[in-house]
Protein chains: 4
Amino acid sequence: MTTPSQKAIAERSVETATKNTDLVRGRRDQIVKAAIRVFAAQGFHETTVRDIGREAQLTQGTLYNYVRSKEDILFLVCDRIVTEYLERVRAAAAIEGDAKERLEAAVKGVVRVMCAHRDSILLLYHESHNLEPKSLRVILGRVDEFIVSFETLLKEAGVATAQGPARLRLLANIVTFLPTMVALRKWALPEALQEEETVDEIAAFILRGLEAASN
Amino acid sequence: MTTPSQKAIAERSVETATKNTDLVRGRRDQIVKAAIRVFAAQGFHETTVRDIGREAQLTQGTLYNYVRSKEDILFLVCDRIVTEYLERVRAAAAIEGDAKERLEAAVKGVVRVMCAHRDSILLLYHESHNLEPKSLRVILGRVDEFIVSFETLLKEAGVATAQGPARLRLLANIVTFLPTMVALRKWALPEALQEEETVDEIAAFILRGLEAASN
Amino acid sequence: MTTPSQKAIAERSVETATKNTDLVRGRRDQIVKAAIRVFAAQGFHETTVRDIGREAQLTQGTLYNYVRSKEDILFLVCDRIVTEYLERVRAAAAIEGDAKERLEAAVKGVVRVMCAHRDSILLLYHESHNLEPKSLRVILGRVDEFIVSFETLLKEAGVATAQGPARLRLLANIVTFLPTMVALRKWALPEALQEEETVDEIAAFILRGLEAASN
Amino acid sequence: MTTPSQKAIAERSVETATKNTDLVRGRRDQIVKAAIRVFAAQGFHETTVRDIGREAQLTQGTLYNYVRSKEDILFLVCDRIVTEYLERVRAAAAIEGDAKERLEAAVKGVVRVMCAHRDSILLLYHESHNLEPKSLRVILGRVDEFIVSFETLLKEAGVATAQGPARLRLLANIVTFLPTMVALRKWALPEALQEEETVDEIAAFILRGLEAASN
DNA sequence: AATGAATGAGACTTCATTCAT
DNA sequence: CATGAATGAAGTCTCATTCAT
């Protein structure tokens, strides 16, 4: 049984010099967590491999036993962020109920999770384009899965069924994109609002847009 | 009479070794245009100052007569993009009609202009965080103006008047943010749709969300 | 137990990326010695960091593991020269005997040591003003110690005791400064004289000046 | 009739693109004065040709009509400083009286003039070694004249006549060198002393050394 | 004679990656 | 498996000098 993360690694093949799989997993976990912290604080290019090593309590040489390049680390970071994000949204949407109720739960879930992981999402949007095309494609592929899962939800809830798959996809994009606003526009959002209010408002906006789209 | 762009330069004061104002303007124009092309193609960090010079048909030395650092260039680029974007949206919204009609025109305008300048917008979102805090603040300040102008429009059109300024600002953020999707999600949008259809659909989505918010 | 040189480094803290203290000491020694040779031959500004590296048999990258800037190297060089100079003079003055005899030994010592290290002293006078103010202050502080030690000697030998501390300091300055002539005026000194004769003559001149000053 | 300064220029041939000799003289005067100010303030290498131009109220292009290189400027500066220094000392020594009295006047004159022009002298000692060998030789030649003039004075005053020319030259060096202390050791000299006291003390020290040398 | 924009060589420094221990 | 010193390519920026106007 492979986790999605390992699947991505397989697809893109981040090889290591070390065999012991448990150790590799553990060390990579250290590295990714440390890298997320420093990338979020200083950005990918401003961060040296030494910085990551220091934060991960690993020397440079050791680090390179678990990773082949700085870009590898960025890939692992992006992969981790997307994967965790997806998992959380899935969990939030996994409720009992009819299609409409599940859609509502999912939409609220996206916004809420996005809110809780603003920093990671921001990091993802800021730095993912520093990935090599191949790596980037893997990450975008994962996001695509996410969009597709919303297409399914929308279809099941009977949203815009009559207007063809293209329009459906567009709506799924809107639903999954607008919530990133809490990360990308964090600086501009009204501070007067409680986080919960913001979340509700955005979710409501989306649902209004979708509801009307059903007719 | 100073253009907004000159104001930005004044605020942040990108100084030159050259006196002749017309020449400075001309050369900077060359530089900015060239930089937009190469930054869009390769990203800020992957681009060398020499690359920019080559594209602008200027030697490195000459380039540095009109700009003090690579970061200066990025600032000029971001400033140019934001400024042009704002001007175009303003132009699109400047129609005769009642508040509601003007709002509609503005919303459609945003989406359409965003669509027409996808690449620049993408560049802006990808690279602006490489600016120094001071420069970044200037750019964000300009975006803020933009958001505020939509707050005004919304208020005039009687949207969400009863729910306080915070909610208004949130909506203004949504209106100005969602359209960036055509740039940031370009890779995921359905190719089956004509550009015009995409624009209309997004604008409609926004207007639906706002309309309902009025009650 | 720290050597004076280490103290200087502490005061001004020339940091390294390398931990191993012995290695650092060794490499820095290589660097300083090489730098003294090339600075003496071509001057600080005409010397490139690559030149120093080549002379020290170190690549540029390696060099920068032991030093943070070219100015650091100059500081280390100046510090080394002053420190060694002081130590040698102290050794020359450390004889048994009454105050007058010790003063005489010290004066001769200064001139002789200065003579033996003309080139370094010249380098010091030529390039130390290229140091940053902070570094320069450290070096001058060391020279000051030297002057003060001669003030003490003069006082003990009963020279100019009646005329106050200011005059004492002036004499200490003369005693420590005049000998630099063999370095700074090397080109003008009579070649007909043996080095030993020159030394004796200068020392005698100084002692005559002091002797008369005692009355 | 050529001034010493012009002679030096002739020897080293600082050519100009401009013919009008009066203008050349005037412009060069501007340049040299400006250069002395900025070199004294920032040092030769830290000063750009632009800095000199700005201080001299001359554009770069114009400047290069009167000078062929930055080094040329340094030469003119050093030459000016030495020349003026010599002239002033000569003036101070040009008194009626017997040889001894003239020697005394000369010695006091050196110290006093040195004191009055500390900054220039410091500049000379700090930067002259940045001259090309050829230029340096010219400057040192001028200093040599100066030393020789003191050899003559000493001889006339009957100092050290019995010990041969080499010893005479050594003494002449001492007499002309020690006074530079007020420039090179400015930072270490006692502030409690009036300038006049310092001058007298140093002159006295020299004369004591010489007097005793006569026997 | 004056101007000042253009030039381009070259300097310092950083840092991802390797490899011997 | 861990270490951390060594490497060297590459990048940004400065500035003396030239030359067309």
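Throughout, a chain's letter reflects where its sequence line sits, starting with A, and its residues are numbered from 1. Predicted model only: the values in this text are computed from it and were never measured.
In terms of the side-chain contact (heavy atoms from CB on, under 4.5 Å) criterion, residue partners of B/E127 (sequence neighbours excluded) are, by chain and number, A/H129, B/F44, B/L74, B/L123, B/N130. Every residue meeting the side-chain contact (heavy atoms from CB on, under 4.5 Å) condition with A/L63, not counting sequence neighbours, appears here in chain and number order: A/I31, A/V49, A/I52, A/V67, A/I73. For A/R27, there are no salt bridge (Lys or Arg N to Asp or Glu O under 4.0 Å) partners at least two apart in sequence or on another chain. Take C/R137 and apply the side-chain contact (heavy atoms from CB on, under 4.5 Å) test, not counting sequence neighbours, and it matches C/P133. Scanning for salt bridge (Lys or Arg N to Asp or Glu O under 4.0 Å) contacts around C/R50 gives an empty result, with sequence neighbours left out. Under the rule for a salt bridge (Lys or Arg N to Asp or Glu O under 4.0 Å), D/D119 has no partner lying at least two apart in sequence or in another chain.
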Which protein N or O atoms sit under 3.5 Å from an N or O of nucleotides 10-13 of chain E?
from	atom 1	to	atom 2	distance (Å)
E/dC12	OP1	C/K70	NZ	3.0
E/dC12	OP2	C/V49	N	3.0
E/dT13	OP2	C/Y64	OH	2.5
E/dT13	OP2	C/K70	N	2.9
E/dT13	O5'	C/Y64	OH	3.4
E/dT13	O4	C/Q60	OE1	3.2

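Annotation: salt bridge (charged side-chain N to carboxylate O under 4.0 Å, His left out) contacts involving residues 58-67 of chain A, sequence neighbours excluded, are absent.
Distance, B/R54 CZ to E/dT7 C1': 16 Å, rounded to whole Å. Atom CG in A/N130 sits about 15 Å away from atom C1' in E/dA16, given to the nearest Å. In this entry the distance linking CG of A/D72 with P of E/dA16 reads 14 Å, nearest Å. A straight line from CG of B/N65 to P of F/dC13 spans 14 Å, rounded to a whole angstrom. One can place CG of B/L74 at 13 Å from P of F/dT12, the figure rounded to the nearest angstrom.
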(message) Taking Watson-Crick (N1-N3 plus N6-O4 or O6-N4) and G-U wobble (N1-O2, O6-N3), each under 3.5 Å, can you produce the dot-bracket string of DNA chain E? Use [ ] for crossing pairs and | for inter-strand ones.
(response) .||||||||||||||||||||
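Of the residues D/L136, D/I36, D/L131, D/V32, the one that meets the side-chain contact (heavy atoms from CB on, under 4.5 Å) test with D/C78 is D/L131.
Between D/T62 and E/dT3 there is a side-chain N or O to OP1 or OP2 distance below 4.0 Å. At F/dC1, none of the side-chain N or O atoms of A/Y66 fall inside 4.0 Å of OP1 or OP2 (strictly under the cut-off).
In this structure, D/R25 does not pair ionically with D/D29, as no charged nitrogen and carboxylate oxygen lie closer than 4.0 Å.
Comparing B/L63 and C/G61 by the nucleotide of DNA chain E that holds the closest heavy atom to each, the one mapping nearer the 5' end is B/L63. The residue among C/L58 and A/T59 whose nearest nucleotide of DNA chain F is located toward the 5' end is A/T59.
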